[in-house]
Amino acid sequence: MNANLYTLFRSRFPTDLDDCWIETADAHYYSWRDLERGSAKIANLLASLNLPSGSRIAAHVEKSPEALMLYLATVRAGFVYLPLNTAYRAAEISYFIENAAPAVVVCAPDNFGWVSQIAFKNNSGHVFTIDEPRNGRNSGSLLNRAAHLSDEFQTVHSDADDLAAILYTSGTTGRSKGAMLSHGNLAANIEVLHKVWDWQKGDVLLHALPLFHIHGLFVAAHGALMNGSKMIFLSKFDSDTVVRHLPRCTLFMGVPTYYVRLLSDAAFDRHACEKIRLFVSGSAPLLTETFESFKEHTGHTILERYGMSETGMLTSNPYDGTRKAGTVGPALPGVSVRVVSAEGHNCAVDEIGDIQVKGPNVFKGYWQMPEKTAEEFTDDGYFKTGDIGRLDNEGYISIVGRSKDLIISGGYNVYPKEIESVIDELPGVLESAVIGVAHPDFGEAVTAVIVARDGVDILEADIIASLKSKIANFKVPKRVYVVRELPRNTMGKVQKNLLREQFGTP
Ligand code: AMP
């Protein structure tokens with residue numbers, strides 16, 4: 001059997017290939033036939049370059065249907081797709097290209113000068129461009145070259161263990177590492193998600209996430225491909241555009257920030273969500289307050305799930321059944337999730353420990369880092385996620401932080417999420433982030449960074465006084481800083497490394 005992921009998707013295309021695959025925000029339509037032919041042309045171009053098998057194809061391109069075709073063409077041709085965040089600039093791109101040594105780099109024409117310089121310096125043989133779509137037409141040298149080639153392509157035979165993609169981790173705590181994902185990893189994960197989220201005939205996905213990250217590519221786009229479903233494709237999230245298209249959609253997936261922004265958009269109401277059957281949130285913690293306000297405002301209960309680049313999705317609140325605020329739900333079928341104490345035993349219910357996982361979705365290791373890979377797996381084959389959490393008596397996981405964020409103050413473990421939840425409940429507080437900063441006495445001192453609600457003045461002394469009545473003294477922040485907003489990356493994750501840099505010296 002050919003385990004090439006494209007063959008799985010191809011088997012799920014609608015019978016009528018003229019059905020709409022993607023509708024763009026400015027009403028341009030791509031059919032499933034366009035996808036089949038377009039990806040064949042690009043696959044033919046890649047195949048004509050006589051690259052060694054396993055070559056990496058790096059893409060630093062804006063979101064477009066053609067960018068998605070490039071991904072699928074890479075998979076079809078048996079190469080390894082390497083998506084790069086479009087926000088990355090020269091220093092970051094240099095690191096990824098040097099590290100992954102892609103044979104082909106595809107970038108935006110505007111960036112061709114500096115990207116090609118980096119690529120050629122690192123022995124990439126080919127640099128192509130994909131432009132941003134203009135008037136429904138997309139150009140650039142990749143498409144121009146591919147246009148002359150055949151629109152048929154025999155999808156290459158791949159084994160389940162062959163690599164399909166390398167995703168660089170978001171690196172909010174350290175240097176980014178390339179997570180190697182196989183055709184089998186990606187297929188296993190999307191087969192499960194397709195089932196548990198009950199993808200249905202006639203589903204339409206509003207796709208507002210970026211394509212360079214697991215959420216937009218392997219959860220959202222894969223889901224639609226697996227279901228032969230149409231996507232309404234927004235080049236980026238913008239609440240007005242979402243509100244405009246939502247009434248025709250049945251599914252929406254976003255990072256928590258999207259939900260917060262939708263809630264503050266006056267045009268977002270129950271009518272906009274009329275046809276929606278599922279709102280999914282992930283990539284960063286969804287505040288209980290957002291979960292509750294969304295329910296009140298729309299009547300919909302957001303389904304929160306948890307996963308990471310290295311593993312795909314691991315847990316999900318149920319489609320049918322209770323979706324518990326502040327939890328990411330139980331382990332997905334076929335995925336084994338455990339919470340382990342520092343001494344290495346399985347934690348009791350509600351006991352906090354390290355989250356470890358095993359399953360067909362778990363990656364093959366970090367690109368060219370065998371030692372680092374070995375360190376991150378236990379002797380019995382579990383991957384150490386680096387997340388800290390607890391299991392409740394019904395098997396639902398709550399994430400309390402990253403192990404690198406764990407604060408040890410005066411010998412006591414302090415879990416930032418716990419303190420953040422208490423602070424977020426205080427009057428006048430919009431949100432908060434808790435970090436540890438070096439302290440001569442305690443080793444680390446708990447420090448809070450807070451965003452106040454509009455028009456509210458927050459005083460450090462008041463926050464500290466309120467917290468003293470609610471939590472143990474060792475957990476109470478020694479300092480509280482008020483900022484206008486928390487630094488977040490594109491996926492909505494708070495960049496605590498930046499906060500530690502800014503507030504790390506008392
Ligand atoms: P990435 O590989 O960029 O998707 O980042 C994965 C990390 O994001 C995980 O290890 C978690 O720390 C965090 N994450 C993902 N989903 C959630 C969630 N629903 N709640 C809290 N953290 C999450």
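Since we're looking at a predicted model, the values are computed, not measured. Ligands are counted one by one from 1 in listed order, and the atoms in each one are counted from 1 as well.
Side-chain contact between E375 and T373 is absent, with no heavy atoms from C-beta onward closer than 4.5 Å.
Within the 4.0 Å heavy-atom criterion, the part of I214 lying near ligand 1 is the side chain and not the backbone. Residue contacts with ligand 1 for A284 involve N, CA, C or O but no side-chain atom from C-beta outward (heavy atoms, distance under 4.0 Å). With a heavy-atom cut-off of 4.0 Å, E304 touches ligand 1 through its side chain alone. At a heavy-atom cutoff of 4.0 Å, ligand 1 is contacted by no atom of H215, backbone or side chain.
In terms of the side-chain hydrogen bond (donor to acceptor under 3.5 Å, both in side chains) criterion, N122 has no residue partners (sequence neighbours excluded). Under the side-chain hydrogen bond (donor to acceptor under 3.5 Å, both in side chains) criterion, Y258 pairs with no residue at all, not counting sequence neighbours.
In terms of N/O distances under 3.5 Å, ligand 1 is approached by R402. Considering backbone and side-chain atoms alike, S281 places every N or O at 3.5 Å or more from each N or O of ligand 1.
Of the possible donor and acceptor atoms, none in the side chain of N361 sits under 3.5 Å from a partner among the backbone N and O of G312.
Near R305, with a cut-off below 4.0 Å to any heavy atom, the atoms of ligand 1 are 16 (N), 18 (C), 19 (N). Of all the atoms in ligand 1, the ones that sit under 4.0 Å from a non-hydrogen atom of P285 are 20 (N), 21 (C), 22 (N). Of all atoms in ligand 1, numbered sequentially from 1 with element shown, those under 4.0 Å from a heavy atom of V328 are 18 (C), 19 (N), 20 (N). Here is the list of ligand 1 atoms found below 4.0 Å of a heavy atom in H213: 1 (P), 3 (O), 4 (O).
N185 CG to D162 CG: the interatomic distance, rounded to the nearest 0.5 Å, is 11.5 Å.
Residue S283 holds the heavy atom nearest to atom 13 (C) of ligand 1 of all those in G329, G312, S283.
Taking 4.0 Å as the cut-off, D387 counts as a neighbour of ligand 1 on heavy-atom distance. Every heavy atom of T385 sits 4.0 Å or more from the atoms of ligand 1. Not a single heavy atom of G386 sits closer than 4.0 Å to an atom of ligand 1.
For K384 and F377, the positive end is not near the middle of the six-membered ring at less than 6.0 Å and at most 45° from its axis.
Residues H213 and N85 have side chains that never bring a donor and an acceptor to within less than 3.5 angstrom of each other.
Salt bridge E376/K372: present, at least one basic N to carboxylate O contact under 4.0 Å.
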Item to check | Steps toward side chain to side chain donor-acceptor pair (under 3.5 Å) verdict (S39, R76) | outcome: CA-CA 8 Å; S39 63; R76 281 186 88 170; 3.0 Å; yes

